[in-house]
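Comments concern the structure below.
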Number of protein chains: 2
Amino acid sequence: MATLSFQSPTKPISYFQPKSKPSPLFAKVSIFRCRATVQTLVAVEPEPIYTSVKTFAPATVANLGPGFDFLGCAVDGLGDHVTLRVDPSVRAGEILISEITGTTTKLSTNPLRNCAGIAAIATMKMLGIRSVGLSLDLHKGLPLGSGLGSSAASAAAAAVAVNEIFGKKLGNDELVLAGLESEAKVSGYHADNIAPAIMGGFVLIRNYEPLDLKPLKFPVDKELYFVLVTPEFEAPTKKMRAALPTEIPMVHHVWNSSQAAALVAAVLEGDAVMLGKALSSDKVVEPKRAPLIPGMEAVKKAALEAGAFGCTISGAGPTAVAVIDSEKKGGVIGEKMVEAFWNVGHLKSVASVKKLDKIGARLVSSISR
Amino acid sequence: MATLSFQSPTKPISYFQPKSKPSPLFAKVSIFRCRATVQTLVAVEPEPIYTSVKTFAPATVANLGPGFDFLGCAVDGLGDHVTLRVDPSVRAGEILISEITGTTTKLSTNPLRNCAGIAAIATMKMLGIRSVGLSLDLHKGLPLGSGLGSSAASAAAAAVAVNEIFGKKLGNDELVLAGLESEAKVSGYHADNIAPAIMGGFVLIRNYEPLDLKPLKFPVDKELYFVLVTPEFEAPTKKMRAALPTEIPMVHHVWNSSQAAALVAAVLEGDAVMLGKALSSDKVVEPKRAPLIPGMEAVKKAALEAGAFGCTISGAGPTAVAVIDSEKKGGVIGEKMVEAFWNVGHLKSVASVKKLDKIGARLVSSISR
């Protein structure tokens, strides 16, 4: 366990009495490396309105084929939980990560080296918290490096927890900026996971400077389902990004842009068939990344043959994501995708069928003061 | 005047007794060069239900900034008219262009060298017309080479006229294919003018093989206005296309795709401000083409400073198009844009304020048999 001092909203965050000399990795960690360092945004430091809150943030599918680097959506029923408490034993203005449970025990409890910690600190900074100490438990529901926005889910749950405990003074855009501080460390300054993790539904990232997010509302009376198949395979984001060309042919640009445009129309009109077709049509990114994930091309083929409207790589992979309009169809499609990962890629994999999360990171429970 | 034989729906269209040897240009003309040669689509040759029809097709703004080569929209109150008559003096299965009036007299009356003629022939072929001769008058309302879809307007008006006179057997997709036969001759096989000219509103071209058009419905209760400023300057489509790179940086691809996606969201939600911003944000095409149109950059700046939500080049230019949400604002914005064309580009120009055409090519009047 490590604690972090958050002394002043105007001063840099510093470590609180590290027991040993920071390791080189440790030394490199600084939230002030982020492109958009957060600022205190409230005039008066808010008081906590709860003694404890529990929050949930969903998994996310970024890229969505032709939406590479600017489009993502949230997936219901998969995600991370954060429990945040006002803790008199923690020094005022500091945060302590007391416990990490769930799918992984690999994560650091140092708040500066933990996605939830970094996002919580950034949110505390935005709120100007100097008088209250907090302790945070993180329960991971998502595996790391699966392409389902694991780091974003932790960051989103933490940012929302801090905001909730102090009376919800910050809006979604600020929370996304707080989460971006964390994402910048893990996979680059990209909001296509953190924005939908916080806001739910589909989110289009129009700009970073200044941050300009456009929520795309899937019709309330329609449902959208995802078949998510995660193989036992490591696809590091950096390697997957390095596989991409720095220049692309104009014809592919025109094609992919038109498919991204169609994808957005499909989302707003709730047209799952068109959405699947557009998501499946990427000629820029997927053709470079799919060959790096054994069996991915066969998995896509199997999904489409089994009736999925479309299939692509979720985020930077290795999870494959297929789109359908009913939960019922998902079982068979998932089985066929798992079979293809095994038969062609020789990879074990796990399938699940999840619907679109239209809410985003949320308060699950709270204890009032 | 020239006539064209349309002997059989399965045989190639041939010239009808050309008086002299075809010129090299003439000889090159063949609608069978088009990528998608039209086929007869009706089982029984329809009979004309009118002796005469008059149609109108609107001007169109293609590209719309980041929608390069796949997005276009129709503009009300500017366009071309076609009058089409069942003409017993014209040989059965043939079409004659009897008169061309309006903004230009430069156009050929040979149906194979005239946009309206080519589209009419393609539509006749789709309908399998062998028993009726037609004569066509074209009234041009649009100047040539202005970037406002002049050729598409002629083709759309002609295709719709033929379809109407024979009882409207063909749908929009077929009419767009007929129009594409004509467009392929003039500016390449691109549907971003002809599709909105026929269908009205905004149209997203998702695919050509097979043709896949997605109409994007601007909300019925909202209006959108365009300030169109056309300078006295020639910007040939081929030259403007040659100015474009064959490869583009990935970062520009991601940026432009996200703006195209935002543009589509703005259209469907009727958000003129977001639409203008997206239309104005092209980093791929406009930066290469604007410098070729004297004063264009200053015109854009003037439009934005005068309150336009966005401004870009219409089609391949030279017309500049700015977006606003009320007709009233258009006058001043147009004046400022004309001023900038004169002061910086030393070009005379003409401004007009037009609203979005939500209907497309239409029957204006008809005389029943």
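We use all heavy atoms of the structure for the numbers below, so side chains are in, but hydrogens, waters and symmetry mates are not. Each chain gets a letter, A, B and so on, in the order the sequences are listed, and its residues count up from 1.
- The two residues B:Ala265 and A:Leu268 have their closest heavy-atom pair at CA-CD1, 3.6 Å.
- When heavy atoms are compared at a cutoff of 4.5 Å, B:Val284 approaches chain A solely by way of its side chain, counted from C-beta outward.
- The closest side-chain heavy-atom distance from A:Met250 to B:Asp69 is not below 4.5 Å.
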- Task: Any chance you could lay out the side-chain contact (heavy atoms from CB on, under 4.5 Å) test for B:Phe70 and A:Ser257, step after step, and finish with the verdict?
- Result: CA-CA 8 Å; B:Phe70 65 87; A:Ser257 293; 3.4 Å; yes

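- B:Ile205 touches chain A through its backbone: at least one of N, CA, C or O sits under 4.5 Å from a heavy atom, while the side chain does not.
- Interface residue A:Leu204: only side-chain heavy atoms are found under 4.5 Å from chain B.
- The residue among B:Glu247, B:His252, B:Lys217 with the most heavy atom pairs within less than 4.5 Å of chain A is B:Glu247.
- Counting heavy-atom pairs under 4.5 Å between each of A:Gly67, A:Pro245, A:Ala260 and chain B puts A:Pro245 at the top.
- Counting all heavy atoms, side chain and backbone alike, A:Ala278 lies closest to B:Arg206 at N-NH2, 3.8 Å.
- For B:Lys329, the NZ atom sits in a packed shell: over 12 heavy atoms of surrounding residues, nucleotides or ligands are nearer than 6.0 Å.
- Distance check, rounded to the nearest 0.5 Å: CG of A:Asn207 to NZ of B:Lys277 gives 7.0 Å.
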